[in-house]
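Provided herewith is a single structure, encoded as structure tokens, for subsequent inquiry.
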Amino acid sequence: MSLLRFITCGSVDDGKSSLIGRLLYDSHTILADQLAAVRSDSARWGTTGAELDLALLVDGLQAEREQGITIDVAYRYFSTARRTFIVADTPGHAQYTRNMVTGASTADAAVILVDATRGMQVQTRRHAFIVSLIGIKHVVVAVNKMDLVDYRQDIFDRIRTECEQCLHRLGITDVRVVPISALKGDNVVTPSTAMPWYSGAPVLEILDTLDVSHDGALQDLRFPVQFVNRPHAGFRGYAGTIEAGHVRVGDAIMALPSRRMSHVKAIVTAHGEGQDAHAGDAVTITLDDEIDVSRGDVVVHCDRAPSMADRFDAHVIWMADAPLLVGKQYELKIGTRTVVATVEAIHARIDVNDLSTHPAEELALNEMAMCRLVLAEVVAFDTYDTCRAMGAFILIDRLHCGTVGAGMIRRPVTRVAAESSPDIVWHPTRVTRQQRANQKSQQPCVLWFTGLSASGKSTVANALEQALFLRGHHSYLLDADNVRHGLNRDLDFTDAGRVENIRRIGEVAKLFVDAGIIAITAFISPFRSDRRMVRDLVGDGAFVEIYMSTPLEVCETRDPKGLYVKARRGSVPHFTGVTSPYEAPEAPELTLDTSDTPLQECVDQIVHFLESTGRLKH
Amino acid sequence: MNELEAESIHIIREVVAECAKPVMLFSIGKDSSVMLHLAKKAFAPAPLPFPLLHVDTGWKFQAMIAHRDRVVREMDLNLLVHHNAEGRASGVSPFTHGSRAYTDIMKTEALRQALSTHGFDAAFGGARRDEETSRAKERVCSFRDGHRWDPKNQRPELWRLYNTRVRPGESLRVFPLSNWTELDVWRYIHREQIPVVPLYFAAPRPVVDRDGLLIMVDDDRLPLTEHEQPRTEMVRFRTLGCYPLTGAIRSTATTVPEIIDEVLVTTTSERYGRAIDHDQAGSMERKKREGYF
């Protein structure tokens, strides 16, 4: 049996609570003593005259009964032969918008009530907008009180057209409009005999057959770590709920934001140890090696990472009496991570009634806006549309600890992500790469030196740059000194850190090439896959791989910084050639061995290669 | 069922990860038993990272206490038992003070005492939203200022992003079974073979009919009027509380599958037999505002 969570929303007096009461009553979920209580309550609070006031079943709080309105979300449960349902009955009044958002946040579908005697109201449009904002993909519009308009088709048709247009404009495509009378029971559970002109299904049948299985579309693994379970030194498990995708024993994974990599050793589910686990499962995962993973980290597959940034644009709904203030610090909880955050700017406040946008300096209770948020730390996230669990957040007041806002990430704000975002368009540059190259009498390229530590990379690269300079060419050397201390100082020496180090160097080299400059890089870069990545990045023709094939014994004898000695003693982890492998290039453009080739000859060979391939002119 | 199970485990882990000193209320009933089972799953292979707390009014069924002690022994759990010593010394009982005052003093007040004494900032409870209309409105992580619940001023609770932040003097009541129904609970007990108090199964028991409730004569403290003559009937309990305030139902269901069949066709609600729910209008809401679970 599948589970469907839906909300009901509508304006005051549209009959939401009555509809739910009818669903429960007609599906035989209401029990005799509850019914007896409703009968006696109807006499006391009821608003339906002699008829049973089924709304009293759901309006549980005394204040709601006294005022005859729904204030807070009420959850009700019923089932059919096919499905179990969790209904969140949410208030319609603007004053309780935050409570409607609360109910909507966990819903798969929405039932929006419209009063047939009044048609679509401003409130109805607001509900439709919130439903679309929260990302609910299925909407049933129940046009209620058809009995009061003599079950007339023309009235229904007019409302239907209006509703469909409104919802389609908001991007909701699965819309069903049903004429009902919650009071009389028409088209709620059983088809109505009073409206033979309606050929569609009653509300319950639509809900019973709604296909929501494809709504959580993200297939990539997202596993936010909730709890590090470490009962004794021999066991270290990461507990949490898989929010998207699936994971198998043996999978190569990466923990974010550290980018540390490992493999899945075992998966403990609620049903014992298993080989795999899927979205929705609450599991405990153990890893091959004890990399440092803590609560708030997100475990993903290495090649399927989400965005990583410390700022993003998001829709924020404000839920507190005190206004949202730009620049004020709040705590932001996303997944299992809580960080300090500020709203840097309110791009535009959205009037939920007519969707018009307005400039704003602050947000009041129940208002919403597109905002730029800045976090104190980098977090891993997806956009809300990609994955609800990875793109939704709440804002918590740091003083009184209340939940003051809710947000949905719409786009990351980073350079890397900006490239793949359809919202950010490259400005075409006026001066072309070729024009710059012609001006400098050179074909720009990346001269990528690779080889063991002390194999001569930096020495040759420096000498080469001097030679090029004397000939009037324009080059620039990227090496450990000018990259590790600045651009890449946040990276460590783990495998993941090294991959990112190389990727960034590749990106920077590419920019130099675009600027018409010959970029020279001198990094060990031990892995074929990394060098392949850079070759793909800058384009095959612009990538010149220079392999320094000086043997390990020679490098170790040179050892100018004493690193080999330290590595042999075990005090330098991950040292290439000693405790970490070096993968020699399979087809380098040039191979140089400085153990038997003098420095000047190495430089000459490279210059000759560049001239013969047309990269240097004169 | 798997979805409900995963949701409950998620809630329990989240609160344990974020709260300084959580505790699990163990009322010995079926919901508590399911909640305890889920907590064990959430942290396996580690032991439970929090103690259990039982607020003992002194009027629980004998079979409940026996079950409690057996479970604690067999699972090697850390159980705290709290009585309202003052109330007990003053001889407060359901008969002397009426069900309302008795519940206030021996349950609600006792619970507040226990939570304050130990400084717990979060307490898990087995309440479900389908039990009663005011419970249907309560959050999963329900905020208490002092110990009071303000139904009109609840924290918004979105997605599964629970806000567990509290200041000193404030605390949370957490309901991992919020979205379970009575039927879900029994089906899960059946699937997972969770042991429950034998009183849930029908057996011949001595009962008297009192104000429309079948009250079991669990010990000789139950004052009987001259017209009341205990008779043996085949009964079981749908919920368990204090024996003088908890009505039995006539039933022949002696196994979990038979109970499931019975719940499927029942025409009365689960808490029908709980006298304290009906002692005044809006009764549960009032009790909850004052700190009752």
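Keep in mind that this is a model prediction, so the values were computed, not measured.
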Highest number of heavy-atom pairs under 4.5 Å with chain A among B:N179, B:I9, B:N2, B:L183 belongs to B:N179
Kindly confirm or rule out a cation-pi arrangement of B:R129 over A:Y75, judged by NZ or CZ under 6.0 Å from the six-membered ring centre and within 45° of its axis?
yes
Return the option, out of A:T106, A:T284, A:I394, A:I334, with the maximum number of heavy-atom pairs under 4.5 Å with chain B.
A:I394
What part of A:E273 lies closer than 4.5 angstrom to a heavy atom of chain B: side chain, backbone, both or neither?
neither
Between A:R98 (side chain) and A:N366 (backbone), is there a donor-acceptor pair under 3.5 Å?
no
When A:V268, A:I134, A:I396 are compared by non-hydrogen pairs under 4.5 Å with chain B, the top option:
A:I396
Please state whether the side chain, the backbone, both or neither of A:V228 comes within less than 4.5 Å of a heavy atom of chain B.
neither
Please state whether the rings of A:F6 and A:F85 are parallel, tilted or perpendicular, taking 30° and 60° as the class boundaries.
perpendicular
Greatest number of heavy atom pairs closer than 4.5 Å to chain B - which of A:A282, A:G240, A:A104, A:C401:
A:C401
Contact part of A:H232 toward chain B, heavy-atom cut-off under 4.5 Å: side chain, backbone, both or neither?
neither
With ring centroids as reference points, do B:F50 and B:F124 lie under 6.0 angstrom apart?
yes
Under a 4.5 Å cutoff for heavy-atom pairs, which residue among B:E7, B:E5, B:R167, B:E192 has the most contacts with chain A?
B:R167
Heaviest contributor of heavy-atom pairs below 4.5 Å to chain B, chosen from A:A88, A:G407, A:A389, is A:G407
Given A:P231, A:S105, A:G402, the one with more heavy-atom pairs under 4.5 angstrom with chain B than any other is A:S105
Interchain contact, A:R230 with chain B, by part (heavy-atom threshold 4.5 Å)
neither
Under 4.5 Å from any heavy atom of chain B, what part of A:I86 do you find: side chain, backbone, both or neither?
side chain
Look only at the side chain of B:K30 and the backbone of B:R238, and say whether a donor-acceptor pair between them is shorter than 3.5 Å.
yes
Output yes when a side-chain donor or acceptor of B:S251 lies under 3.5 Å from a complementary backbone atom of B:V235, and no otherwise.
no
Find out whether B:V185 and B:Y188 are in side-chain contact, i.e. whether some heavy atom of one side chain is under 4.5 Å from a heavy atom of the other.
no
If I measure from the heavy atoms of chain A, does B:R191 come under 4.5 Å with its side chain, its backbone, both, or neither?
side chain
What option among B:E157, B:R139, B:R13, B:R155 has the most heavy-atom pairs under 4.5 Å with chain A?
B:R13
What part of B:E3 gets within 4.5 angstrom of chain A, counting heavy atoms only: side chain, backbone, both, or neither?
side chain
Should A:N99 and A:T102 be marked as a side chain to side chain donor-acceptor pair (under 3.5 Å) after you check the CA-CA gap, both sets of side-chain angles, and the distance that decides it?
CA-CA 5 Å; A:N99 299 354; A:T102 294; 5.0 Å; no
At a heavy-atom separation under 4.5 Å, does A:T84 approach chain B through its side chain, its backbone, both, or neither?
neither
Segment of B:S178 engaging chain A (4.5 angstrom heavy-atom cut-off):
backbone
I'd like to know which of B:P156, B:P47, B:A42, B:S8 tops the heavy-atom pair count under 4.5 Å against chain A.
B:P156
Relative to the ring of A:W318, is the ring of A:Y330 parallel (under 30°), tilted (30 to 60°) or perpendicular (over 60°)?
perpendicular
In terms of side-chain geometry, is the basic nitrogen of B:E18 or A:R295 positioned less than 4.0 Å from the acidic oxygen of its partner?
yes
Between A:T338, A:V283, A:T336, who has the most heavy-atom pairs with chain B when the cutoff is under 4.5 Å?
A:V283
Taking the side chain as C-beta and beyond, is there a heavy-atom pair between B:L177 and B:V34 under 4.5 Å?
yes
Looking at B:F43, B:Y162, B:W159, B:F143, which one has more heavy-atom pairs under 4.5 Å with chain A than the rest?
B:W159
Per-residue contact mode, A:M100 against chain B (heavy atom under 4.5 angstrom):
neither
Before giving the answer on salt bridge (Lys or Arg N to Asp or Glu O under 4.0 Å), spell out for B:R173 and B:E138 the whole-Å C-alpha distance, their side-chain angles and the decisive distance to 0.1 Å.
CA-CA 10 Å; B:R173 303 287 184 274; B:E138 187 153 17; over 6 Å; no
Considering only NZ, NE, NH1 and NH2 on the basic side and carboxylate oxygens on the acidic side, decide whether B:R160 and B:E14 come within less than 4.0 Å.
no
